[in-house]
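To start, the structure itself, in structure tokens.
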Amino acid sequence: MTFMEEKQRTCGTRIVAAVNNVLYCLEGSTGGIVWSFDAKQTITSSPAVGDVDGDGGCEAVLGTMDGQIYAVDVSSGQSKWTAKVGGAVYSSPALARKEGGAAFRKEWPMFRHDPARTGFYGHVVGPLDIYFCCDDGGVYLLSGRDGRIVDKHVIKFPPLLAPAGAPHEARSALPFISSPSVADLDGDGRLEIVFSAVDRVWCLTNRASGRNDTAADGDNRTKPGSPIAAARFVRRDHTPGFSSFLWAQIIHRGDWGPDERTYPALLNELARRVNLDTISAKTNVSLLDKDIAMYPFLYMTGHYSPGLSDEEITNLREHLKRGGFLFADACCGSEKSDVAFRQLAVQLFPQSNLERIPLSHELFGCFYKIDRAKYHGVPEGEPSLEGITIDDRLVIVYSKYDLGCAWANPPCSKACKGGDHESSLKITTNVVVYALTK
């Protein structure tokens with residue numbers, strides 16, 4: 001829905017809103033229908049209104065389920081042009097002059113353009129470029145004059161966010177992206193496009209904006225070449241609140257995410273057993289992230305050596321010394337992972353040893369009373385946990401036997417050496433409770 005003040009044509013405010021496949025223009029004072037436009041397909045984006053083609057009047061720009069983009073004349077309800085893209089358009093378009101600059105630094109156009117969330121760009125002199133995000137993973141830049149696709153930038157997972165050895169498809173475009181906001185964020189005279197995807201906020205630069213690149217005919221066309229630059233920064237956008245628990249997993253080079261199906265089951269069990277306010281999806285954390293302090297509880301697993309750099313080791317060490325906590329296990333009881341983690345422990349804290357945690361330790365009684373654990377692939381016995389203690393606080397808890405594969409039940413294979421379903425959940429629950437209460 002978009003609210004617009006058509007001062008040149010009317011005395012009041014009009015409302016542009018979509019219902020199913022029809023776009024309606026209503027009189028704000030009475031709710032009467034001024035006109036309707038049938039897009040023939042479900043309209044999946046909210047419309048944005050502005051003088052996109054530079055003719056002095058306003059157009060409503062919107063997208064449909066089948067990837068059709070329309071520019072509809074607000075005064076008549078007639079289509080000005082259409083464009084076809086590669087997927088459903090759930091994104092609300094953002095409109096901006098390519099010259100951008102000072103006008104956009106005064107007030108950052110937010111989602112739906114302004115603090116009132118009107119989606120109305122009528123005060124900006126056209127023609128305007130159109131930015132939107134598509135379900136094919138593309139951030140599109142269209143010419144408002146004729147709907148021509150000027151550029152498309154596909155957002156893909158960074159290499160470390162796909163499991164090692166995963167097929168190429170696992171590193172392909174993200175299936176859905178949010179609505180963008182467009183502004184000159186850093187004051188360099190060029191426009192940035194900001195949006196979120198999965199657990200990150202992305203910022204792209206329109207390299208052709210803010211320059212005198214307008215063609216001689218004044219149609220706002222850009223010079224040849226890709227105008228949208230690569231992402232300038234990425235940052236997670238769902239950090240845990242003071243009363244919420246977020247499972248943060250370290251990404252590394254040693255097959256860091258071998259069994260993603262287990263985490264929803266674990267988080268549901270933690271919420272049920274401990275009445276813990278959990279964030280329903282885990283997040284993946286690089287040890288190079290400057291905001292690692294936002295994630296006090298870290299988990300690490302894998303089949304092979306994590307291959308951490310000196311900088312990553314230093315950042316993890318400082319995080320643990322400042323109050324962070326690391327829970328780790330060797331996926332499937334991998335010997336290579338076990339050897340590598342013991343080496344990592346020495347690198348992290350050369351003066352402290354990774355030692356067996358005795359049954360008398362409060363970890364084994366902080367929620368469940370645990371003195372035995374059932375395992376598959378190894379004999380039943382005392383829970384096999386080791387740790388490093390700094391200033392009377394366990395900062396690392398490690399299991400050489402797998403725990404994660406059994407959270408979803410059953411374990412991934414008969415060759416997997418680790419705890420059974422219930423033992424793994426009880427041990428993990430106690431580890432989380434200990435970390436949160438210490």
Test item: Y24 and I15 side chains (from C-beta on) under 4.5 Å apart, heavy atoms: no
Distance-only polar pair, side chains of Y295 and D289, donor-acceptor under 3.5 Å: no
Chi angles and distances behind the side-chain contact (heavy atoms from CB on, under 4.5 Å) call for F327, L403: CA-CA 11 Å; F327 177 40; L403 297 173; 3.6 Å; yes
Face-on cation placement of K417 at Y401 ring, 6.0 Å and 45° thresholds: no
Backbone of L287 reached by a side-chain donor or acceptor of N315 within 3.5 Å: yes
Results of side-chain contact (heavy atoms from CB on, under 4.5 Å) for S352 - residues two or more places apart only: F349, I388, I390
Side-chain ion pair, E59 and R145, N-O less than 4.0 Å: no
E311/R317 ion pair, N-O < 4.0 Å: no
Considering all heavy atoms, the nearest Q249-W256 contact: NE2-O, 2.6 Å
CG on L246 to CG on L298, rounded to 0.5 Å: 10.0 Å
Partners passing side chain to side chain donor-acceptor pair (under 3.5 Å) against S384 (at least two apart in sequence or in another chain): none
Nearest-0.5 Å distance, CG of residue D151 to CG of residue N206: 8.0 Å
Y434 vs F325, side-chain contact (heavy atoms from CB on, under 4.5 Å): CA-CA, chis, key distance, verdict: CA-CA 10 Å; Y434 174 85; F325 181 88; 4.1 Å; yes
Heavy-atom side-chain proximity of V431 to L363 below 4.5 angstrom: yes
Value rounded to 0.5 Å, distance of CD in Q68 from CD1 in I43: 11.5 Å
Steps toward side-chain contact (heavy atoms from CB on, under 4.5 Å) verdict (I427, F364): CA-CA 8 Å; I427 291 171; F364 291 114; 5.7 Å; no
Rounded distance (nearest 0.5 Å) linking atom CG of L266 with atom CG of L270: 4.5 Å
C203 versus V194, closest heavy-atom pair with distance: SG-CG2, 4.2 Å
Non-neighbouring partners of S45 that pass side-chain contact (heavy atoms from CB on, under 4.5 Å), sequence neighbours left out: L62, V89, P93
Aromatic centroids of Y70 and F37 separated by under 6.0 Å: yes
Close side-chain approach of V433 and T437, heavy atoms under 4.5 Å: yes
Set of salt bridge (Lys or Arg N to Asp or Glu O under 4.0 Å) partners for K40, sequence neighbours left out: D38
Residues that S423 engages under side-chain contact (heavy atoms from CB on, under 4.5 Å), provided they are two or more places apart: A373, K374, D420
D391 bridged to K321 by N-O distance under 4.0 Å: no
Minimum heavy-atom distance I193-P180, with the two atoms named: CG2-CB, 3.7 Å
Separation of E269 CD from T262 OG1 (nearest 0.5 Å): 12.5 Å
Results of side chain to side chain donor-acceptor pair (under 3.5 Å) for R322 - residues two or more places apart only: none
Side chains of T389 and V395 in contact at under 4.5 Å (non-hydrogen atoms): no
V16 vs F120 side-chain heavy atoms within contact, under 4.5 Å: no
Sub-4.5 Å side-chain heavy-atom contact between L394 and V397: yes
Salt bridge (charged side-chain N to carboxylate O under 4.0 Å, His left out) between K369 and E362, worked out: CA-CA 10 Å; K369 177 65 175 176; E362 61 183 297; over 6 Å; no
Between S309 and E312: side-chain donor-acceptor atoms closer than 3.5 Å: yes
Nearest atoms (heavy-atom pairs only) where V285 meets A248: CG2-CB, 3.6 Å
Residue pair L142 / F132, side-chain heavy-atom distance below 4.5 Å: yes
Side-chain (D136) to main-chain (G138) donor-acceptor, under 3.5 angstrom: yes
Residues which pass salt bridge (Lys or Arg N to Asp or Glu O under 4.0 Å) with R372, listed by chain and number, not counting sequence neighbours: none
Criterion ring-ring contact (aromatic ring centres under 6.0 Å, His included) on H153 and Y140, from CA distance to verdict: CA-CA 7 Å; H153 184 92; Y140 283 83; over 10 Å; no
Ion pair R356/E386, N-O distance below 4.0 Å: no
Residues that D402 engages under salt bridge (Lys or Arg N to Asp or Glu O under 4.0 Å), provided they are two or more places apart: none
side-chain contact (heavy atoms from CB on, under 4.5 Å) evaluation trace for T64 with T42: CA-CA 6 Å; T64 65; T42 301; over 6 Å; no
Contacts of type salt bridge (Lys or Arg N to Asp or Glu O under 4.0 Å), residue K400, not counting sequence neighbours: none
Residue pair S179 / Y90: nearest heavy atoms and the distance that separates them: OG-O, 4.5 Å
C133 versus S91, closest heavy-atom pair with distance: O-CB, 3.0 Å
Donor on one side chain, acceptor on other, R253 and Y304, under 3.5 Å: no
Sidechain N-carboxylate O distance under 4.0 Å for D53, K80: yes
Check: S286 side chain, L288 main-chain N or O, donor-acceptor pair, under 3.5 Å: yes
For N268, side chain to side chain donor-acceptor pair (under 3.5 Å) partners two or more places apart: none
Partners meeting side-chain contact (heavy atoms from CB on, under 4.5 Å) with L436 (sequence neighbours left out): F245, L276, V432
Close side-chain approach of W202 to S196, heavy-atom, < 4.5 Å: no
Parallel, tilted or perpendicular: ring planes of Y263 versus W247, cut at 30 and 60 degrees: tilted
Where at least one partner belongs to residues 324-341, residue pairs that pass side chain to side chain donor-acceptor pair (under 3.5 Å), sequence neighbours excluded: Y299-D329, T301-D329, D338-R342, D338-Y398
Gap between atom CD1 of I370 and atom NE2 of H361 - 0.5 Å precision: 13.0 Å
